[in-house]
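To start, the structure under review is shown below, and the notes come after it.
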Amino acid sequence: MGDPGLAAAGWARWAGCTVLIGGAFVLMVSENNGEYTRGANNNASGVAALLALAERLEKDPIHSADVTLLATGAKEVWNGGMLHFLRTSDYERGDTIILNLDALGSAQLRYTTGEGLLQRFGAAKRLVQSAKTCAAQFEAEPFRYRNLPSDATAAMAKGYRAMTITSVGESGLPD
């Protein structure tokens, strides 16, 4: 019989190859059958909402809080913009609320109660409760976001209170 360590290494190599081949297959099927996210929905709708919020805050400011409006960018490269902001800002985790506006141009408005593909992060309870309070007015429904990380997921993973407001298309997923 051969060395058991070599046999285990061989199995580990084949398992790794299987995972890589499976991942490549999934990406290939997704690329060939998936529909690209429309930039007007994914990016421009969030910027439009952010600008509308800025106008409203200018007319009716919140005097009891400091408000920062931020368009992070680089979400498609593992939330690079949000992670850079969190690394370089001096905002206190316990005093900071992050509201992520993403892909707002589809039919059904949603607010997240939790996010995460592999590890679930709960949205801030206070934000979820506030969303529930005004949900009927906007026909918004709660949503468990199970896709790749959003800017809010990145913030929750770093210990910030956060939530995403998004919309979903016919697929039931943000598009």
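Treat the numbers as computed from the prediction; the structure is a model and nothing was measured. Excluded from the calculations below are hydrogen atoms, water molecules and symmetry mates; all remaining heavy atoms, backbone and side chain alike, are included.
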Separation between CZ (Arg161) and NZ (Lys125), nearest 0.5 Å, reads 12.5 Å
Rounded to the nearest 0.5 angstrom, the OH-CG distance for Tyr145 and Asn100 is 8.5 Å
Check: Is it true that Ile62 and Leu50 fall in one hydrophobic cluster, defined by side-chain heavy atoms closer than 4.5 Å?
Finding: yes
Please answer: with hydrophobic residues joined when any side-chain heavy atoms are less than 4.5 Å apart, are Tyr160 and Leu70 in the same cluster? yes
(message) Taking Ala124's backbone N and O only, do any of them form a donor-acceptor pair with Gln129's side chain (distance below 3.5 Å, no angle check)?
(response) no
Path from Ile97 to Leu101 over hydrophobic side-chain contacts below 4.5 Å = yes
Worksheet item: Sub-3.5 Å donor-acceptor pair from the side chain of Thr153 to the main-chain atoms of Gly116, do we have one?
Response: no
Quiz prompt | Main-chain N/O of Thr113 paired to Arg144 side chain as donor or acceptor, under 3.5 Å | solution = no
query = So, Asp151 versus Thr72: side-chain donor-acceptor pair below 3.5 Å or not?
reply = yes
Within a 6.0 Å radius of atom CZ on Arg126, are there more than 12 heavy atoms belonging to other residues, nucleotides or ligands? no
| task | Any chance you could lay out the side chain to side chain contact (heavy atoms under 4.5 Å, CB included) test for Phe143 and Thr166, step after step, and finish with the verdict? | result | CA-CA 9 Å; Phe143 180 61; Thr166 188; 4.3 Å; yes
Please answer whether the main-chain N or O of Thr112 pairs with a side-chain N or O of Thr164 as donor and acceptor at a distance below 3.5 Å.
no
**Asked** Do Ile98 and Met156 have side chains that get closer than 4.5 Å, going by heavy atoms?
**Response** no
dist Arg110:CZ -> Asp102:CG (nearest 0.5 Å) comes out at 14.5 Å
Practice prompt. Please determine, by modelled atom types, if Ser130 and Thr133 share a side-chain donor-acceptor pair under 3.5 angstrom.
Written response: no
